There are 2 protein chains.
Amino acid sequence: MKPELTERQKLLLSLVVHEHTRTAQPVGSKTLVEQFALPISSATIRNEMTVLTELGYLRQPHTSAGRVPTEEGYRFFVSNLAQQTTLPAPMRNTIAHQFYQARQDLDEWLRLAASVLANQSQAASIVTAPHTEKAVFKHLELISTRAAQVLMVLVLVGGEIRQQILSLDDAATQESLSELAGRINSRCANCSVEQINSLEMALDPPGPQVLEAVRQQMRLSQKLVTGEIYLDGVTNVLAEPEFADTEQARSALSLLEERSKLDDLLSRTILGNEIGGVQVLIGGEGTWQELRQCSVILTRYGIPDQLTGTVGVLGPMRMPYGRTISTVRFVAGLLSDLVAENLIE
Amino acid sequence: MKPELTERQKLLLSLVVHEHTRTAQPVGSKTLVEQFALPISSATIRNEMTVLTELGYLRQPHTSAGRVPTEEGYRFFVSNLAQQTTLPAPMRNTIAHQFYQARQDLDEWLRLAASVLANQSQAASIVTAPHTEKAVFKHLELISTRAAQVLMVLVLVGGEIRQQILSLDDAATQESLSELAGRINSRCANCSVEQINSLEMALDPPGPQVLEAVRQQMRLSQKLVTGEIYLDGVTNVLAEPEFADTEQARSALSLLEERSKLDDLLSRTILGNEIGGVQVLIGGEGTWQELRQCSVILTRYGIPDQLTGTVGVLGPMRMPYGRTISTVRFVAGLLSDLVAENLIE
DNA sequence: ATTTAGCACTCTCAACTTGAGAGTGCTAAT
DNA sequence: ATTAGCACTCTCAAGTTGAGAGTGCTAAAT
């Protein structure tokens with residue numbers, strides 16, 4: 001493998017990353033000395049930078065421009081050099097306060113989480129609603145709407161709500177529907193998909209139709225990888241100089257629009273974990289062509305193996321990693337608390 | 001006011017619009033003759049174009065480039081010259097078939113509508129969920145989750161579903177909650193916000209707390225201008241050559257992200273109508289600075305004065321208006337049918 | 001009274017040139 | 001091991017140029 005870097009090399013790599021994050025320009029040896037009042041000369045820095053370049057951590061856009069971190073350089077920086085900053089207390093309070101204000105509605109919380117993340121990171125934020133791996137029946141409600149039409153509202157353990165409009169063969173009174181719902185409720189409470197599927201119940205019409213719809217909705221829910229997706233700050237990404245070329249921006253942002261690709265990306269967080277649960281995906285890691293210029297920071301929140309969701313941001317590779325990772329982690333923590341406090345079980 | 005245009009002038013304006021829509025380039029007199037095999041010479045066309053330019057319908061990006069339609073030119077074109085194309089039958093069928101397949105879930109329909117619009121128009125599509133101007137109580141459900149926590153699910157006439165988690169002062173059994181819900185249901189069926197507000201009911205705790213939450217949710221719902229908003233094809237806009245400059249694109253798309261601005265824009269459709277219910281907003285019309293390069297086509301669907309939503313697209317000003325207007329109208333028609341068939345009343 | 005051919009004129013755009021500036025790598029001295 | 005010094009490379013912005021596209025005008029033709 002690669003030789004260990006000296007302390008000075010680590011420092012220099014770190015400084016290059018910082019300076020480049022700030023200015024979006026290649027960083028030269030002289031700039032570095034001046035900016036940080038280093039006690040060594042630019043020539044020494046040049047020698048060190050040559051080493052870092054050979055190791056693959058830095059790159060020259062062209063002969064005789066400054067250096068820019070490579071993907072590998074960023075990865076090394078994030079793994080070994082980035083320091084977790086804690087968000088300033090007043091800001092934590094402001095954010096927590098906003099969440100407290102919206103203490104009514106899961107929808108509102110998630111929207112808020114996305115908004116906060118987008119503003120703090122000046123990048124695009126992604127938040128998914130908490131979702132259970134296994135769909136478990138909690139409560140069914142049948143509401144007569146007109147003639148032979150029924151609004152079915154199904155609540156799953158975890159709080160997910162699914163609705164469907166059923167067209168019955170014959171009209172049914174609200175009383176008979178309520179009675180039917182009651183019977184299904186007492187029989188199906190806390191049932192998994194498998195249990196519901198193998199359930200045998202003798203029911204008069206429209207019982208079988210309703211039960212089949214319940215099964216279908218539960219199967220549908222279980223098939224989903226994530227809950228509903230909330231995005232915010234998508235236009236923030238457009239403001240970054242690396243996306244002055246629209247084509248680049250387009251390919252990156254199209255990832256956020258295509259549900260299947262986004263699911264694919266989010267499913268990464270379900271698998272492995274690094275750095276205290278926060279995943280940092282730099283430059284697409286060879287898999288996502290669209291993300292060549294981007295980095296994605298993701299983490300899970302909620303109750304492990306029960307009710308979890310994903311929060312994260314997508315931004316340019318040149319990103320203040322320390323700060324952003326902290327923010328993502330902070331928001332994930334807030335959402336975890338909210339889920340724990342309000343879990344529907 | 002302006003003098004009436006001759007038929008030939010109308011034809012030429014129309015051709016300039018078409019050609020420019022196709023190529024995104026300024027259109028010259030010679031190009032026009034060649035492209036459309038006109039029986040008049042380029043010099044004649046130049047004379048006519050001079051007139052159209054003086055009237056404000058055409059514009060030269062610089063001396064001695066071709067002509068480009070002005071906002072006013074587009075407006076004249078849309079009002080007087082654009083011909084409604086009907087979508088080809090096979091396409092109508094494909095789309096209608098897709099809708100039929102998803103004949104289960106309002107959410108799915110709206111998502112689909114947005115997706116179809118975005119693809120057909122190659123622009124960004126906007127669809128809002130159907131929403132009632134007046135919130136009317138339909139059905140309440142209280143679901144015990146744990147200890148002193150209750151999931152409240154409120155269904156409004158029209159089918160809007162609002163949920164909230166209530167923390168009670170004391171624990172309550174599911175039976176007592178169901179009984180409470182039943183009592184409120186029978187008393188509040190079809191009540192408006194005003195009726196609910198002035199309602200006096202003697203209830204044991206947690207009755208008053210629940211009733212207050214119902215009132216609050218209904219007020220909240222009534223305050224909303226639109227239902228939930230579905231966007232799709234936002235990245236389509238980035239592919240247009242007029243948005244090669246990211247800054248332009250950013251300002252246009254940020255309008256879609258900021259809920260308040262978008263509400264503002266959508267509320268236009270609630271006011272006046274033109275062209276068989278389809279509103280065409282060209283170049284921001286002086287009001288929306290962000291839309292200087294864009295056009296927005298909007299129309300309402302649903303049941304007038306009862307349950308309505310908005311569908312529309314946002315694209316570059318250089319847009320195939322005839323086709324796009326038809327598509328928007330077609331999708332609105334489909335959604336109107338769905339709403340009428342499945343109205344929750 | 002229109003229409004048109006012809007032509008001079010204007011302006012853009014892409015290609016090319018040039019010089020300043022930034023940054024490097026190397027070498028020799030410290 | 002570090003550094004001063006210097007030649008070298010490459011980009012970028014600012015000109016320069018010529019081709020091409022399109023116009024407006026005028027005078028002739030219909």
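This is a predicted model, so every value here is computed, not measured. In what follows, every chain begins at residue 1, and chains take the letters A, B, ... in the order their sequences are listed. We use all heavy atoms of the structure for the numbers below, so side chains are in, but hydrogens, waters and symmetry mates are not.
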Base paired to D:dT3 (Watson-Crick or G-U; both N/O distances under 3.5 angstrom): C:dA28

hbond_proxy A:Ser41 side chain to D:dT3 base (donor-acceptor, 3.5 Å cutoff): no

Parallel, tilted or perpendicular: rings of B:His18 and B:Phe77 (30°, 60°): perpendicular

Cationic N near anionic O, under 4.0 Å, B:Glu290 to B:Lys261: yes

Whole-Å gap separating P (C:dC11) and CZ (B:Arg67): 14 Å

Rounded distance in Å - CD (B:Gln35) to P (D:dG22): 12 Å

Closest to side chain of A:Ala43, choosing from C:dC11, C:dG25, D:dT3: D:dT3

Side-chain donor-acceptor pair present, B:Arg323, B:Gln120, cut-off under 3.5 Å: no

Shortest side-chain distance from A:Arg8, nucleotide among C:dG25, C:dC11, D:dT2: D:dT2

Whole angstrom value for the distance that separates P of C:dT3 from CG of B:Leu12: 11 Å

Whole-Å gap separating P (D:dT2) and CD (A:Gln9): 11 Å

Rounded distance in Å - CD (A:Gln25) to P (C:dA22): 12 Å

Interatomic distance where CZ belongs to B:Arg46 and P belongs to C:dT10 [whole Å]: 16 Å

Side chain to side chain contact (heavy atoms under 4.5 Å, CB included) between B:Leu298 and B:Val278, intermediate numbers included: CA-CA 6 Å; B:Leu298 294 171; B:Val278 179; over 6 Å; no

Under 3.5 Å side-chain donor-acceptor pair for B:Gln248 and B:Gln293: yes

5' priority, DNA chain C, between B:Thr44 and A:Thr31 [closest heavy atom]: B:Thr44

Watson-Crick or G-U wobble mate for D:dG22, both contacts under 3.5 Å: C:dC9

Side-chain donor/acceptor contact of A:Ser64 with base of D:dT9 under 3.5 Å: yes

B:His62 vs A:Thr50, nearer the 5' end of DNA chain C by closest nucleotide: B:His62

Nearest-Å distance for atom pair CE/P, residues B:Met49 and D:dC25: 14 Å

Distance below 4.0 Å between A:Ser29 side-chain N/O and C:dT24 OP1 or OP2: yes

d(CD, A:Glu48; C1', C:dG23) in whole Å: 17 Å

